[in-house]
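Worksheet: the structure to be examined is printed underneath.
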Amino acid sequence: MKKFDHKKAEKKWQEIWQKESIYEPDFKKAKNPFYNLMMFPYPSAEGLHVGNMYAFTGSDIYGRLKRMQGYDVFEPIGLDGFGIHSENYALKIRKHPADQAKVSEKNFYRQLAALGNGFAWNERLETYDPEYYKWTQWIFIQLYKKGLCYRKKAAVNWCPGCLTVLADEQVVGGECERCGAKVVKKELEQWFFKITAYADKLLDGLDPVRSSLAEVRRTRDKVASETSNGIDWSEKVKIAQRNWIGKSEDASIRFSLVDVPGQADKKHYVEVFTTRPDTIFGATFVAVSPELAKFWLDIGWQAPADVKKYIFNHQAEKPIEAAKEKTGVFSGISAVNPVNNQKIPVWVSDYVLAGYGTGAVMGVPAHDERDLEFAQKFKLPVSDAPLVSVEEGIKKSGGKKTVQFRLRDWLISRQRYWGAPIPMIHCTDCGWQPVPEKDLPVKLPHIKNFRPTGTDQSPLASDEKFYKVKCPKCKSWARRETDVSDTFLDSAWYYLGYLLKFENWKLKIGNSPFSNDIVRKWCPVDMYIGGAEHSVLHLLYVRFLAMVFKDLGLTHFEEPFPKFRAHGLLIKDGAKMSKSKGNVVNPDEYVKNYGADALRMYLMFIGPFDQGGDFRDSGMKGVTRFLERVWQLSTKSQITNHKQIPNYNLQRILHKTIKKVTEDIENLSYNTAISALMILLNEFETNPNFISRKELDIFIKLLAPFAPHMAEEIWQQIRGSTRKITRINADKFKSIHLEKWPKFDPELIKEDKVDFIVQINAKMRAVIKLPVGLGQKEVEAAARSDNNVAKYLTAGVKRIIFVKDKFINFMV
RNA sequence: GCCCGGGUGGUGGAAUGGUAUACACGAAGGACUUAAAAUCCUUUGACCGUAAGGUCUUGCGAGUUCGAGUCUCGCCCCGGGCACCA
C-alpha cells in the first residue's frame, strides 16, 4: 500500500482551498456569522515560532468545528508588524525596518500558509500598512476630541535599552517588557489615553453582577453568546485584570500642620490616605512622598538644607526597584492627629508612593509592617492605642471615604521610528491641533536615520520635511508631533480592521468606519484565543477602546470579546524555549519531515490546550503512526464496497466518539479528543470487516479539524479520482471542511450491559457484567453467586449500599 | 508577603465522589527480514504468589464519607502573576 505523501497532498489542498475560497465567508449574506479570532503575531524575523503554531492550530480546530456545524466562520490573519519589537530586530541586523518588514511579511505568510489553517486570506492586514494606520490615527484623533487623550508632564517609565518611554503595563518587574533593560523614572511631557476614566466600567464588565452583555444582547444583531454572567473568560485572566485595575475603598484624613517655618500653625494641612482608619489612634508619625514634598517646596516651604537635599535626590532618574531599604528625613514640620490632638512628626520618605492615594500616609507602626520597619529604623515611638471601628475612625477624624484605582493612564507616545505617527500638530499660537481627518494618514517617511536618538525626541524630529507643517487652524508655520504611538494601539482595534479590509479600506474618513452593517453583523468576536501574557496589556487596551467606541456611537457593543480562552505555554524537553538555549523549535523542519497534519496533531495531543505542554521529538512518532494507519485503513479497497454488517458494539463506540470529540473540541480539550479518535481507530482495526463507508465517512469528518489535508485527500479519493479534482471541477468539488459535522444518536450510545462493581467493606472484590436497569435484589443475588464475593460474605451482612447500574457495597 | 495554577507509572498525560494509571511514548520479548529500519503481535505501576488471588500506590499529614486523585483543614515543593498600593 502506498504511503501518504504529505508534501504533495498539503500543497495541493492548500492551493485548491484558496482557489475555491472555501474559508472566505460571505460577509453580507452569511446567516450564522461566527468570528473566530486568534491573537495575530508580530512577525519576528526568525520566523514563525512553534508557540505561534500551537496557538493558531488550537484556534483553527475550533473554527473548523464551527464551520462544519454550519456557521459562517471568519478566521482572519494578519501581522502586528509595527512596533519596538520588529524595529529592534531591524536595528540589530542593520536593516531598515520597512525593508525588513517586507522580508518578514513574506516569510511569515509563507509559513502560516503551510499550516493549512482555514484563514480568510483576502482580509489579511498589516499594522504598518498606511491604509491601516490611517485608522489608527483617526482613532487617536477621536479620543483627543473626546478629551480622552491629553498631554502631561509626569514621572514616566523610560527604557534605557529601547530609548523610549513605556506604559506601566509594559514594565514587568521593573524591567522593559521588550528588551529587559532596567526601566528608570524620568520627568517628561507625554501623550496619555485616559483609561482611568473607564476603570469602573472595565472592572464591572468582568463581573457577573452588572452584566454588560445584557446590553450587547439587546443591540447585537447576531445570536448572542450563551454567557449570562459577565464575560466568559479564563478566570485567571479576569483575576489578573481585576488586580491590575486594583480598585480599593479607602479614606482620606486631614491632618493640620504645625511648626511650618514662617507660617501660622494649622494654616496648612496634609491629607493622608489609608485603608485602615480604624488604626488612627495608633498613628505616631506622618510620612509624605518626596514628590509631594517637592510640591510643598514649590509653593513656598522653607525647608532645612538636608531635607531639600533629600527631596532633590529623589527627583532624579532612578531605577524602579522593589522593596529596598527605606530611607527618610524628618521635615521639621509636625502634624496634629485629628482624633486626639497629638502632635506627631512629619517625615519625608521614599517608601511612600507618589502616584497612589494622596502621596501621604499616617504611620501606624503597631498595625502596619512597613510603618513598623520605618519607625524602628528611625527610632519613632510605637503606640499601643486600641483599634476602633472603621466607621468610627472616619467619623472621629472627619475623614472622607474615597475610591482608589491602581490603574494609571495609558502612556501612548514613543520616541521611536517604527510606528504610526501621532496625528497632532503644535502651533505656538493655537496650541495642539489634530491633523484634519482628510489629511490622514500622516505617512511615516522612509528616513535614513531611523535609530532612536536617546533623547526625548523621536528620530522623526530630525526630518524637517516631516515636522515642518502649517497649522490647520491659523495656517502659520507649526511643528508636527514627531513621536509615534504605542504598538498596543495598533493591536487594540485590529479585530475591526479585518472588517474594514473586507471593504478594501474604501470607507471614507468622516463616516464612522465601524458602525456599518458588516461590523454589526460580525461583532463582537465570538471566540478569542490567545496567550495569557496579554492579560493586562492587549486585553485591557482592547476593552478600553471598545468601550470608548461604544460611547462615541461608533459601535453597538461594549465588550469586544465575550468569550476568551488563554492557551498554555509550550516548553521543550522540560525547559523554556529560548534563543540562548538554542532549543527553539522551528515548525518548518517538522512540517517538511512529518507534515503539517502530523505536527498539528502532535501539538494538540501533547497536553491540555489551556495548560501547554512539553515538546519532545519522540512524541511525534505516535501521531505519525496514527495518521499512517488512518491512511492505510481508509485506502483499503473493501471499505469502499458498501459492505455493511451490522455490529452494535462498533456503532456504540462510533457514536460515543462523535459525542466525545464534539464536546472535547467545544471545551478545547483537544488531547482527549485525539485519544478518542485513536481508540476508535484501534477498534476499527480489530473489526476491519465491519466498517462500511458510512462509518469511515464519520471518522474522517471527526478527524478533519485536526488533520485537514489528509482528511480532504481521503474524502475526495473515496468520492472519485483526485486527478479530476486537481484540475478543479468547481461544480463537483465540495470540501470535507464544508460538510456537515456528524451527530451522535443517543439511542445508539446506550449500554445494554454494565460492569457492576462489587465491594466488600468498600474494597473491590469483583466486577460482574450485568444487564442495565437491575434492581438491588437481582444484583445482590448475582454478586453472591460470585465465588470470590461469596467467601467474604460468610459472616452476616450489616448493611448494603447500592447504586443502580454502578456498584454494590456489602458492609460486613 | 498576597493572588492564581499545578504535583498521578520510566516519560507526556486520562479519570461527572464509585474499576486510578485511558491514549500515546519508551522499554522488554516475539513475528517478518541475510540484516537493519518500518510494520505487526504480546507484556509493561510496585510488591507477594506457579496460579487463583492478595497487599500497597495519585507530594506529606489529618478529616468528612459505605467509598476520596477528586470535597474540607494544615503543611511541603514546582510554575505563573502582583508587590513599599498604606
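Here is how names work: the chains are called A, B, and so on, in the same order as the sequence lines, proteins then strands, and each is numbered from 1.
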Practice task
Calculate the interatomic distance between Glu533(A) atom CD and rC4(B) atom C1'; express it in whole Å.
Solution key: 16 Å
Practice task
Would you indicate what Asn761(A) reaches in the nucleic acid, counting non-hydrogen atoms under 4.0 angstrom: base, sugar-phosphate, or nothing?
Solution key: nothing
Practice task
Using a 4.0 Å heavy-atom cut-off across all strands, classify Val352(A) as base, sugar-phosphate, or nothing.
Solution key: base
Practice task
Could you tell me whether Tyr670(A) contacts a base, only the sugar-phosphate backbone, or nothing, with contacts defined as non-hydrogen atoms closer than 4.0 Å?
Solution key: nothing
Practice task
Taking the six-membered ring for Trp and the full ring for Phe, Tyr or His, determine whether the centres of Trp410(A) and Phe488(A) are under 6.0 Å apart.
Solution key: no
Practice task
Using the C1' atoms only, state how far rG79(B) lies from rG59(B), rounded to an integer number of Å.
Solution key: 15 Å
Handout entry: NZ/Lys659(A): more than 12 non-hydrogen atoms of other groups inside 6.0 Å
Key = no
Exercise for the section: Quick one: label Gln404(A) by what it contacts on the DNA or RNA (base, sugar-phosphate, nothing), any heavy atom closer than 4.0 Å. Expected result: nothing
Problem - Nearest-nucleotide pick for Lys791(A), side chain only, options being rU55(B), rG53(B), rA14(B) - result: rG53(B)
Exercise for the section: Figure out the CD1/P separation between Ile653(A) and rC23(B), and round it to whole Å. Expected result: 12 Å
Handout entry: Nearest-nucleotide 5' precedence on RNA chain B, Gly612(A) against Val767(A)
Key = Gly612(A)
Problem - Separation of the P atoms in rG61(B) and rU43(B), to the nearest angstrom - result: 34 Å
Practice task
Look at the side-chain N and O atoms of Lys621(A) and state whether any lies under 4.0 Å from the OP1 or OP2 oxygen of rG26(B).
Solution key: yes
Exercise for the section: Whole angstrom is fine here: how far is it from CD1 in Ile606(A) over to P in rG12(B)? Expected result: 11 Å
Exercise for the section: Please find out if less than 6.0 Å separates the ring center of Tyr590(A) from that of Phe615(A). Expected result: yes
Practice task
Look at all strands and tell whether Asn682(A) reaches a base, only sugar-phosphate, or nothing, counting heavy atoms closer than 4.0 Å.
Solution key: sugar-phosphate
Practice task
Verify the contact: side-chain N or O of Arg625(A) to OP1 or OP2 of rC25(B), cut-off strictly under 4.0 Å; return yes or no.
Solution key: yes
Exercise for the section: Check every atom of rC40(B), rG67(B), rU55(B) against the side chain of Arg629(A) and return the nucleotide holding the closest atom. Expected result: rC40(B)
Practice task
Check whether more than 12 heavy atoms from other residues, nucleotides or ligands sit under 6.0 Å from atom CD of Glu235(A), and answer yes or no.
Solution key: yes
Handout entry: Closest nucleotide among rA24(B), rG18(B), rC84(B) to the Asp350(A) side chain
Key = rC84(B)
Problem - Phosphate-side-chain proximity, Tyr351(A) and rA86(B), N/O vs OP1/OP2 below 4.0 Å - result: no
Exercise for the section: Ignoring backbone atoms, establish whether Arg799(A) has a side-chain N or O less than 4.0 Å from OP1 or OP2 of rC66(B). Expected result: yes
Handout entry: rU58(B) versus rA52(B) - spacing of their P atoms, nearest Å
Key = 25 Å
Exercise for the section: Pick base, sugar-phosphate or nothing for Phe605(A), based on heavy-atom distances below 4.0 Å to the nucleic acid. Expected result: base
Practice task
Kindly label the base of rG5(B) as syn or anti, based on whether its glycosidic torsion lies within 90° of 0.
Solution key: anti
Handout entry: Between rU16(B) and rC60(B) - C1' atom distance, rounded Å
Key = 28 Å
Problem - Within 6.0 Å of NZ in Lys377(A), more than 12 heavy atoms from elsewhere - result: yes
Problem - Nearest-nucleotide pick for Val803(A), side chain only, options being rG18(B), rG13(B), rC66(B) - result: rG18(B)
Fill in the blank from the handout: Checking rC23(B), rG18(B), rC3(B) against the side chain of Ile239(A) (C-beta onward), the nearest is rC3(B)
Problem - Asn787(A) side chain near rG53(B) phosphate (N/O to OP1/OP2, under 4.0 Å) - result: no
Handout entry: Phosphate OP1/OP2 of rC23(B): any Asn671(A) side-chain N/O under 4.0 Å
Key = no
Exercise for the section: Output yes when at least one side-chain N/O atom of Arg765(A) is less than 4.0 Å from OP1 or OP2 of rU55(B), else no. Expected result: yes
Completion exercise
From the candidates rC25(B), rC66(B), rU19(B), the one with an atom nearest any side-chain atom of Ala762(A) is rC66(B)
Exercise for the section: For nucleotides rA51(B) and rA15(B), find the distance between their C1' atoms and express it as a whole number of Å. Expected result: 31 Å
Handout entry: salt_bridge(Lys401(A), Glu249(A)) N-O dist < 4.0 Å
Key = no
Problem - Proximity to the side chain of Tyr792(A) - top-ranked nucleotide from rG54(B), rG12(B), rG18(B) - result: rG54(B)
Handout entry: Distance in angstrom units between His567(A) NE2 and rG5(B) P, rounded
Key = 19 Å
Exercise for the section: Answer yes when Arg765(A) and Asp786(A) have at least one side-chain N-carboxylate O distance shorter than 4.0 Å, and no when they do not. Expected result: no
Practice task
Rounded to the nearest angstrom, tell me the gap between atom CE in Met620(A) and atom C1' in rG26(B).
Solution key: 17 Å
Practice task
For nucleotides rA22(B) and rG12(B), find the distance between their C1' atoms and express it as a whole number of Å.
Solution key: 13 Å
Practice task
Kindly point out which of rC23(B), rC84(B), rC40(B) is positioned nearest to the side chain of Ile679(A)?
Solution key: rC23(B)
Problem - Nearest-Å distance for atom pair CG/P, residues Leu372(A) and rC84(B) - result: 18 Å
Exercise for the section: In whole angstrom, give me the gap between the C1' atoms of rG49(B) and rC56(B). Expected result: 15 Å
Handout entry: Between rA86(B) (C1') and Lys326(A) (NZ): distance, integer Å
Key = 11 Å
Problem - Mutual orientation of the aromatic rings belonging to Phe609(A) and His567(A) [parallel < 30°, tilted 30-60°, perpendicular > 60°] - result: tilted
Handout entry: Integer-rounded Å distance: rC66(B) C1' and Ile760(A) CD1
Key = 12 Å
Problem - Rounded distance in Å between the C1' positions of rU19(B) and rA68(B) - result: 15 Å
Exercise for the section: Compare side-chain N and O positions of Arg406(A) against OP1 and OP2 of rA83(B) and report whether any pair is under 4.0 Å apart. Expected result: yes
